[in-house]
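Data first, discussion second: the structure below is written as structure tokens.
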Amino acid sequence: MVDMSNVKLRIENIVASVDLFTQLNLEKVIEICPNSKYNPEEFPGIICRFDEPKVALLIFSSGKLVVTGAKSVEDIERAVNKLIQMLKRIGAKFQRAPQIDIQNMVFSGDIGMEFNLDAIALSLPNCEYEPEQFPGVIYRVKEPRAVILLFSSGKIVCSGAKSEHDAWEAVRKLLRELEKYGLIEEEDEW
Amino acid sequence: RLRKWQSRLRVSDAAERNLAFALSELDRIASQLKLPRHVEEEAARLYREAVRKGLIRGRSIESVIAACVYAACRLLKVPRTLDEIADISRVDKKEIGRSFRFIARNLNLTPKKLFVKPTDYVNKFADELGLSERIRRRAIAILEEAYDRGLTSGKSPAGLVAAALYIAGLLEDEKRTQREVAEVARVTEVTVRNRYKELVEKLNLKIPV
DNA sequence: GCTTTAAAAAGTAAACT
DNA sequence: AGTTTACTTTCTAAAGC
């Protein structure tokens with residue numbers, strides 16, 4: 001059994017796609033969004049930032065949104081409701097509740113142990129390690145689908161997971177593989 | 001039927017034209033990097049295999065050729081950084097890196113086959129700096145101890161080798177400046193300095209003043 | 001494939017003082 | 001030389017080129 005008691009994970013970013021089920025006139029929307037940017041030539045959506053909750057929203061004329069930078073699902077719900085209230089003031093009509101789908105969660109974490117990344121690159125199948133390009137090992141977990149960046153300090157970044165449970169499961173699979181190839185116990189000498 | 005023939009001829013024409021273009025691009029890169037003939041031949045072999053396996057789809061011929069050159073250098077332990085190749089290629093480093101990872105995966109170029117030990121870079125840099133065999137051995141000893149102490153994971157091999165040669169030069173009285181070692185290793189002086197500080201500190205090296 | 005957004009890890013880089 | 005800012009890697013959706 002893999003020991004996960006020393007492993008820590010922290011949510012750093014959540015990305016969600018949202019459908020408001022209403023068409024939006026972006027030219028009108030920009031006027032009520034304080035810190036927003038809209039250059040249809042370079043990007044088709046309005047880029048809007050909220051201070052509370054601290055998120056960034058991409059607003060499209062189709063009534064669909066992308067909300068990023070949130071630290072919790074609740075932050076996303078609050079941001080969406082806040083935007084809906086603002087939109088109502090310029091006459092937007094909402095017949096049904098918005099549909100929110102969590103698309104990506106990014107975690108930072110710590111496995112609590114140091115690693116020899118050269119040793120990992122040589123024996124862990126399907127991992128990438130190019131120290132001249134990036135200091136971490138890149139490991140892709142098939143199920144649940146996620147990618148883990150593992151650094152020599154034992155710190156990690158897990159992205160692509162759609163829930164905290166999936167992120168933990170992905171980390172557990174990485175540890176199982178590391179253990180399987182005898183890459184776990186080393187600490188002082190390699 | 002005639003149409004079919006013509007289309008086949010056109011296809012093979014295009015394939016031949018692409019191969020000719022690829023090989024001329026390979027020639028250009030190989031001569032500018034002064035690569036040994038066996039490396040150029042290996043790169044050509046990798047490229048033909050990539051074409052045979054249909055790995056060029058969605059990628060530019062130039063990025064795949066550059067990736068094959070880089071892969072051949074790694075396989076044959078002829079140190080060349082991705083930057084050196086990117087400098088003379090029309091495609092940027094990011095794109096060459098992507099093609100490199102893609103062909104590495106699909107041509108079964110495992111990390112083990114592609115692994116170039118930091119010590120493999122020592123001779124290349126030492127040649128360019130005109131450093132003696134004694135300096136090279138000293139630098140390699142420093143790198144091996146650094147590896148055993150876990151000081152190399154995640155760090156740029158080029159930066160580590162540059163710092164090791166700099167330190168070996170100081171210890172063996174055959175000094176090269178940080179600027180000189182940084183230049184041949186294609187890293188900044190700041191990187192040499194950072195690696196130097198860490199190695200001297202953690203390996204308890206006594207630098208004569 | 002690209003464009004834009006957010007976030008962390010650790011290394012390297014570049015621009016200033 | 002030291003500091004600050006910024007870029008490398010991973011992910012994901014959106015509409016359109």
Side-chain angles (χ1 to χ4, degrees), chain A residues 9-20 24 26 36-50 53-71 75-76 79 99-111 117 127-141 145-162 166-167 170, chain B residues 57-60 63 82-83 92-95 97-98 101 152-160 162 178 182 185-195 197-198:
Chain A
L9 278 189
R10 262 178 70 87
I11 286 201
E12 298 291 352
N13 183 24
I14 301 179
V15 179
S17 58
V18 180
D19 195 344
L20 298 178
L24 263 20
L26 265 27
S36 57
K37 188 169 71 176
Y38 181 43
N39 297 315
E41 315 294 22
E42 62 178 89
F43 192 70
I46 290 178
I47 299 159
C48 177
R49 276 162 240 268
F50 284 173
K54 192 181 173 301
V55 298
L57 303 101
L58 304 181
I59 308 166
F60 301 90
S61 57
S62 60
K64 290 185 178 181
L65 320 169
V66 170
V67 183
T68 66
K71 299 277 191 202
D75 277 357
I76 291 176
Q99 184 185 320
I100 300 176
D101 294 304
I102 302 302
Q103 301 289 166
N104 179 28
M105 294 181 91
V106 180
F107 295 80
S108 62
D110 194 347
I111 288 180
L117 302 187
C127 74
E128 295 176 35
Y129 176 51
E130 293 291 330
E132 206 73 72
Q133 181 108 104
F134 189 71
V137 160
I138 301 168
Y139 185 71
R140 284 156 211 283
V141 179
R145 194 178 152 159
V147 175
I148 296 169
L149 307 181
L150 173 64
F151 299 88
S152 61
S153 61
K155 296 278 182 61
I156 58 174
V157 169
C158 175
S159 56
K162 289 207 173 353
D166 281 358
Chain B
R57 278 184 195 176
R59 261 160 280 272
S60 71
S63 77
L82 199 49
D83 300 75
D92 60 28
K93 179 166 127 185
K94 204 168 178 174
E95 193 53 48
R98 283 181 191 171
R101 287 177 216 167
T152 62
S153 260
K155 268 92 166 190
S156 149
L160 286 165
Q178 293 185 357
R186 300 182 64 93
V187 295
T188 64
E189 291 174 67
V190 178
T191 294
V192 173
R193 209 173 292 131
N194 288 340
R195 290 306 121 238
K197 275 195 262 179
E198 185 177 34

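In what follows, chains carry the letters A, B, and so on, assigned in the order in which the sequence lines appear, proteins first and then strands, with residues in each chain numbered from 1.
Counting only heavy atoms from C-beta on, A/Gln133 has its side chain closest to D/dT9 among D/dA14, D/dT12, D/dT9. Of the candidates D/dA13, D/dT9, C/dA8, the closest approach to any side-chain atom of A/Phe134 belongs to D/dT9.
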> For A/Asn13 and A/Phe107, what are the C-alpha separation, side-chain angles and deciding distance, and is it a side chain to side chain contact (heavy atoms under 4.5 Å, CB included)?
Replying inline: CA-CA 7 Å; A/Asn13 183 24; A/Phe107 295 80; over 6 Å; no
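Taking atom P on both D/dG2 and C/dA8, the two are 26 Å apart, rounded to the nearest angstrom. Taking the C1' atoms as reference points, C/dA7 lies 23 Å from D/dT3, given to the whole Å. Using atom C1' as the reference point in both D/dT9 and C/dA13, the two lie 16 Å apart (nearest Å).
Among the atoms of the strands shown, none is found under 4.0 Å from any heavy atom of A/Ser152. At the heavy-atom level, B/Val187 lies under 4.0 Å from the strands shown only through sugar-phosphate atoms. When heavy atoms are screened at a 4.0 angstrom cut-off, B/Arg98 is found touching the sugar-phosphate backbone but no base atom. Nucleic acid contact class of A/Arg10 (heavy atoms, under 4.0 Å, all strands): none. Counting any heavy atom pair closer than 4.0 Å across all strands shown, B/Lys93 reaches no nucleic acid atom.
C/dC2 atom P lies 10 Å from atom CG of B/Asp92, rounded to whole Å. The distance between atom CD of A/Glu41 and atom P of C/dT4, rounded to the nearest whole Å, is 14 Å.
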> For DNA chain D, what is the dot-bracket line, given that a base pair needs Watson-Crick (N1 to N3, plus N6-O4 or O6-N4) or G-U wobble (N1-O2 and O6-N3) geometry with both distances under 3.5 Å, and | means paired with another strand?
Replying inline: ||||||||.|.||||||
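Taking the six-membered ring for Trp, A/Tyr129 and A/Tyr139 have ring centres at least 6.0 Å apart.
The salt bridge (Lys or Arg N to Asp or Glu O under 4.0 Å) test applied to B/Asp83 returns B/Lys93, not counting sequence neighbours.
Side-chain contact between A/Leu65 and A/Phe60 is absent, with no heavy-atom pair separated by less than 4.5 Å. Inter-residue side-chain proximity for A/Ile11 and A/Met105 is flagged as met; some heavy-atom pair is nearer than 4.5 Å.
Counting only N and O atoms by type, the side chains of A/Asp101 and A/Gln99 include a donor and acceptor under 3.5 Å apart.
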